[in-house]
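Each chain gets a letter, A, B and so on, in the order its sequence line appears, and its residues count up from 1.
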Protein chains: 2
Amino acid sequence: MAATITAFEHSPDRGQGLARDMRVRWAFEEVGQPYEVRLVSFTALKEPAHRAVNPFGQIPTFEEDGLHLFESGSIVLHLGERYPGLLPPDADARARAITWMFAAVNTIEPPILELQNAVLLEAKEAWTAQRLPAVKDRIRKRLDELSAYLGSADWLDGAFSAADLMMVTVLRRLGPSGLLDEYPGIAAYIARGEARPAYQRAFAAQLAVFEQGSGG
Amino acid sequence: MAATITAFEHSPDRGQGLARDMRVRWAFEEVGQPYEVRLVSFTALKEPAHRAVNPFGQIPTFEEDGLHLFESGSIVLHLGERYPGLLPPDADARARAITWMFAAVNTIEPPILELQNAVLLEAKEAWTAQRLPAVKDRIRKRLDELSAYLGSADWLDGAFSAADLMMVTVLRRLGPSGLLDEYPGIAAYIARGEARPAYQRAFAAQLAVFEQGSGG
């Protein structure tokens, strides 16, 4: 039986592929493995049945042969370890790819999440307009560094890997902010990720869920 | 030759073991492997020589036999894969431990970093006092969930693993906030981590750097 992942029944990103199931869908497509999707409502996310799989009430989760995982980074890494296509065969290159997976979620994503909180959760607060420049500057610092590192390279470390999958999906969350307009090199890097056939199949699959849900 | 890691020459935590080299030091002690430490000044962190190893100008980094890694989570995972003592031998238990490592850095740590930014970077801003309750509530949400999951268990998933090492070190960053006083179960979990002999050796080693630096 194919592995089963969970995704939002009604994704707040309206099919833009910003929800974290996109990372896992893309990983399945890169390794060419089938997967089933179980859609979860916002209410069900917070109920005991889902919390038994993910104590934090989030998507995505992963289930296969009695193994339950959560955290998109961990699921992508699990797939990369089981199937060729996401992690380099060379041990050192593989370790470096994992370093970049952690950099995506622990160095690049936190300031992006802070901006998201400011825009979504603190939108109506008096201070938000004044705070935003400094919040954005914290992201710019990381984008400056990432940009300098990438230079004219296509991918983070040699061939495309799970590192790029994680980094591209983290960076895509900046889409609504306009910040990527300031970084044409990073925008081109994201576009290279989005151009991969595996990405496109994953994007189409999550968009179909949104379109079916909104049309029903 | 032993592996070499980097740490702050003058740690801003003044020897409290909150800097991220503590995670890597603790991991080395759990697996019983020697390591060398190269201390880096704040100026040197941002210079090309260090950025060649970590493009984001952070500590810790890891170097062994020509392999360079950064990101504490990735280095701890690398050690866990190479030596027994940090990851369970059973494949499913190992995958779950890695899930919890990612949960520590990508679900628990981001709201803690947001609080740290508010307290350190935005301390003098007029809005900070008004913002802090909501910022702390975002952390409480995660601590409530973690607390409910942990229940009366000693560790996150069976025996102590790299998952607990990462989670305990992430949670310790809350020390100055006073939030842990509200969560005696989590405080006890952290104390169990701190009681491990490997933790204590690592803590003493990083404290010695601070004491030598401040006494010199």
Using salt bridge (Lys or Arg N to Asp or Glu O under 4.0 Å) as the criterion, list what pairs up with Glu109(B), not counting sequence neighbours. Arg20(B), Arg23(B), Arg173(B)

As an exercise: rank [options] by heavy-atom pairs under 4.5 Å with chain B and give me the winner.
| options | result |
| --- | --- |
| Asp144(A), Leu113(A), Asn117(A) | Asn117(A) |
| Gln130(A), Met101(A), Glu125(A) | Gln130(A) |
| Pro111(A), Ala103(A), Gly66(A) | Ala103(A) |

So which of Asp65(B), Leu121(B), Val135(B), Val105(B) has the largest heavy-atom pair count under 4.5 angstrom toward chain A? Val105(B)

Residues in residues 41-59 of chain A near chain B [non-hydrogen atoms, under 4.5 Å]: Lys46(A), Arg51(A), Pro55(A), Phe56(A), Gln58(A)

Please table the atom pairs, donor to acceptor, closer than 3.5 Å between any side-chain atom in residues 152-159 of chain B and protein atoms at least two apart or in another chain.
| unit_1 | atom_1 | unit_2 | atom_2 | d |
| --- | --- | --- | --- | --- |
| Asp157(B) | OD1 | Arg96(B) | NE | 3.2 |
| Asp157(B) | OD2 | Arg96(B) | NE | 3.2 |
| Asp157(B) | OD2 | Arg96(B) | NH2 | 3.4 |

Within residues 67-95 of chain B, residues adjacent to chain A where the heavy-atom gap is under 4.5 Å: Leu67(B), His68(B), Leu69(B), Phe70(B), Glu71(B), Gly73(B), Ser74(B), Leu77(B), His78(B), Glu81(B), Asp92(B), Arg94(B), Ala95(B)

Tell me, for Ile98(B) versus chain A, whether the close heavy atoms (under 4.5 Å) come from the side chain, the backbone, both or neither. both

Would you check if Glu122(A) and Arg131(B) make a side-chain contact, meaning some heavy-atom pair closer than 4.5 Å? yes

